[in-house]
2 protein chains.
Amino acid sequence: MPESRGRQTGGRQTGDLQDGPAFELPLLLFAGFRSLIDELHTELARQGHPDVRPAYGFAMQAIGREGVTATELGRRLGVSKQAAGKTVDRLEHLGYVVRVDDKSDARRKLIQLTPHGLDALRRSATIFEDLRARWVKALGAKRVRDLEADLRAVVPASGFRLDVAGWFGT
Amino acid sequence: MPESRGRQTGGRQTGDLQDGPAFELPLLLFAGFRSLIDELHTELARQGHPDVRPAYGFAMQAIGREGVTATELGRRLGVSKQAAGKTVDRLEHLGYVVRVDDKSDARRKLIQLTPHGLDALRRSATIFEDLRARWVKALGAKRVRDLEADLRAVVPASGFRLDVAGWFGT
DNA sequence: TAGAATCGACAACGTGGTTGACCAAACCGT
DNA sequence: ACGGTTTGGTCAACCACGTTGTCGATTCTA
């Protein structure tokens with residue numbers, strides 16, 4: 001609420017000296033996240049992966065080089081196995097993954113990245129390094145390390161949940 | 001990709017000394033954002049607003065105390081006027097806003113917060129202050145200010161786009 | 001005053017999520 | 001070894017949130 005604290009009569013919150021309104025903190029974090037992800041996808045598109053969406057990228061990260069089952073993928077992404085299955089459908093349709101039968105368990109189908117999927121994953125890693133390097137250039141290596149350390153210290157350690165879109169609902 | 005840089009043979013990226021993998025940066029930013037928003041809504045639920053969802057909170061922020069039209073709301077949230085209209089439908093259904101006819105322009109309908117909506121907005125501001133105070137307690141006032149300043153410096157200045165869920169699609 | 005721009009709404013659709021129901025295969029205790 | 005429980009994958013129905021396109025009504029403007 002841009003106008004909700006224009007001048008708060010008696011702000012006595014810890015650290016409320018000349019700081020901006022407290023609601024900016026989450027907005028800044030999100031803006032940082034979003035700008036990184038947006039730039040990743042812009043660059044990915046330029047490098048031959050125009051149809052990778054953020055959700056696909058996260059899913060491919062979670063699939064990894066060994067491959068996983070749909071159920072396990074759902075667990076890793078923090079969503080239901082059905083939702084994971086749908087994402088795999090789209091990924092499969094785009095040629096980023098294949099489902100292969102598990103010889104030792106006829107129920108399971110291993111989801112594996114295709115060479116195309118692996119290429120996207122490798123390029124993503126490189127692009128993220130470039131992006132971080134840009135932050136280092138702008139802020140200095142120490143500040144970026146501090147930023148990461150501070151965030152690590154303050155977010156609940158409970159392993160990353162990256163069901164970005166899904167969490168929004170509920 | 002947790003295993004994509006386990007030990008990279010010859011990482012020569014700027015600032016790649018003992019840093020973790022670069023892809024953690026966006027994840028940390030998102031985790032910070034998400035933990036703040038999650039805690040806000042947990043607390044909001046406890047304070048009598050169990051059905052405020054993140055999207056509603058952002059919309060109410062954007063509506064503000066004066067009220068806006070659906071089209072303008074869409075502009076502020078970075079989404080189409082139709083999408084804004086749908087959000088307003090839900091908000092209206094829950095009693096957080098009302099649509100009132102604009103006397104001076106029969107096309108427009110001003111969306112305004114009800115007392116219930118204003119209450120949610122006020123409580124959100126207070127909760128965000130408490131949350132930020134917690135970060136200050138954990139990290140120190142300077143580190144939090146630095147974090148905010150660094151993010152401000154590094155995100156494109158283009159006014160906050162908070163179409164969190166929507167950006168994910170496309 | 002006619003033509004252009006604006007506002008709000010409707011409809012169809014895409015994406016990402018949820019539950020619930022099921023079948024087939026695998027595991028396990030008697 | 002056989003019947004009951006788990007587990008893996010899929011289908012179906014549904015919801016939230018976004019998109020474009022269209023359209024009628026109103027207002028602005030040349």
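We name chains A, B, ... by the order of the sequence lines, and we start the count at 1 in each one. All values reported here derive from a predicted model rather than from experimental measurement.
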So, taking the atom named CG in A:D102 and the one named CG in A:L110, what distance separates them when rounded to the nearest 0.5 Å?
5.5 Å
Going from CH2 on A:W135 to CG on B:L151, what distance comes out if it is rounded to the nearest 0.5 angstrom?
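Nearest 0.5 Å value for the CH2-CG distance: 5.5 Å.
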Using whole Å, what does the distance between atom [atom2] of nucleotide [N] and atom [atom1] of [X] come to?
X: A:E92; N: D:dT10; atom1: CD; atom2: P; answer: 9 Å
X: A:D89; N: C:dT15; atom1: CG; atom2: P; answer: 12 Å
X: A:L77; N: C:dG16; atom1: CG; atom2: C1'; answer: 12 Å
X: B:K86; N: D:dT19; atom1: NZ; atom2: C1'; answer: 8 Å
X: A:L94; N: C:dG16; atom1: CG; atom2: P; answer: 10 Å
X: A:L110; N: D:dT7; atom1: CG; atom2: P; answer: 18 Å
X: A:D51; N: C:dG14; atom1: CG; atom2: C1'; answer: 15 Å
X: A:R108; N: C:dC27; atom1: CZ; atom2: P; answer: 10 Å

May I ask you to verify whether the side chain of A:K109 and the base of D:dG9 hold a donor-acceptor pair under 3.5 Å?
no
Once hydrogens and angles are ignored, does a donor-acceptor distance under 3.5 Å link the base of D:dG21 to the side chain of B:Q82?
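Under the 3.5 Å cut-off, the side chain and the base do form a donor-acceptor pair.
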Just N and O in the side chain of [X]: are any of them under 4.0 Å from OP1 or OP2 of [N]?
X: A:Y56; N: C:dT15; result: no
X: A:T71; N: D:dG9; result: yes
X: A:R90; N: C:dT15; result: no

Proximity to DNA chain C (any heavy atom under 4.0 Å), residues of residues 96-107 of chain B only:
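B:R99, B:R107, in order of number.
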So what does B:S80 hit on the nucleic acid, given a heavy-atom distance under 4.0 Å: a base, only sugar-phosphate, or nothing?
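It contacts base atoms.
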Residue pair B:K81, B:E72: steps toward the side chain to side chain contact (heavy atoms under 4.5 Å, CB included) verdict
CA-CA 8 Å; B:K81 60 182 181 175; B:E72 169 60 19; over 6 Å; no
Are any side-chain N or O atoms of [X] and backbone N or O atoms of [Y], one a donor and one an acceptor, separated by less than 3.5 Å?
X: B:D105; Y: B:R107; result: yes
X: A:T69; Y: A:K109; result: no
X: A:D101; Y: A:K103; result: no

Could you walk me through whether B:L147 and A:L25 satisfy the side chain to side chain contact (heavy atoms under 4.5 Å, CB included) test, starting with their C-alpha distance in whole Å, then the side-chain angles of each, then the deciding distance to 0.1 Å, before giving a yes or no?
CA-CA 9 Å; B:L147 192 152; A:L25 181 53; 4.1 Å; yes
Please walk me through it: do A:L73 and A:L77 pass side chain to side chain contact (heavy atoms under 4.5 Å, CB included)?
CA-CA 6 Å; A:L73 178 60; A:L77 294 176; 3.9 Å; yes
Dot-bracket, 5' to 3', for DNA chain C please: Watson-Crick or G-U pairs under 3.5 Å, [ ] where pairs cross earlier ones, | where the partner sits on another strand, dots elsewhere.
||||||||||||||||||||||||||||||
Measure from NZ or CZ of B:R53 to the centre of the six-membered ring of B:Y56, then state whether that distance is under 6.0 Å and the direction lies within 45° of the axis.
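Yes, cation above the ring, under 6.0 Å and within 45°.
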Between B:H49 and B:H41, is the ring centre distance below 6.0 Å?
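No, the ring centres sit 6.0 Å or more apart.
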The residue, B:T69 or A:T87, whose nearest nucleotide of DNA chain C is more 5′ is B:T69
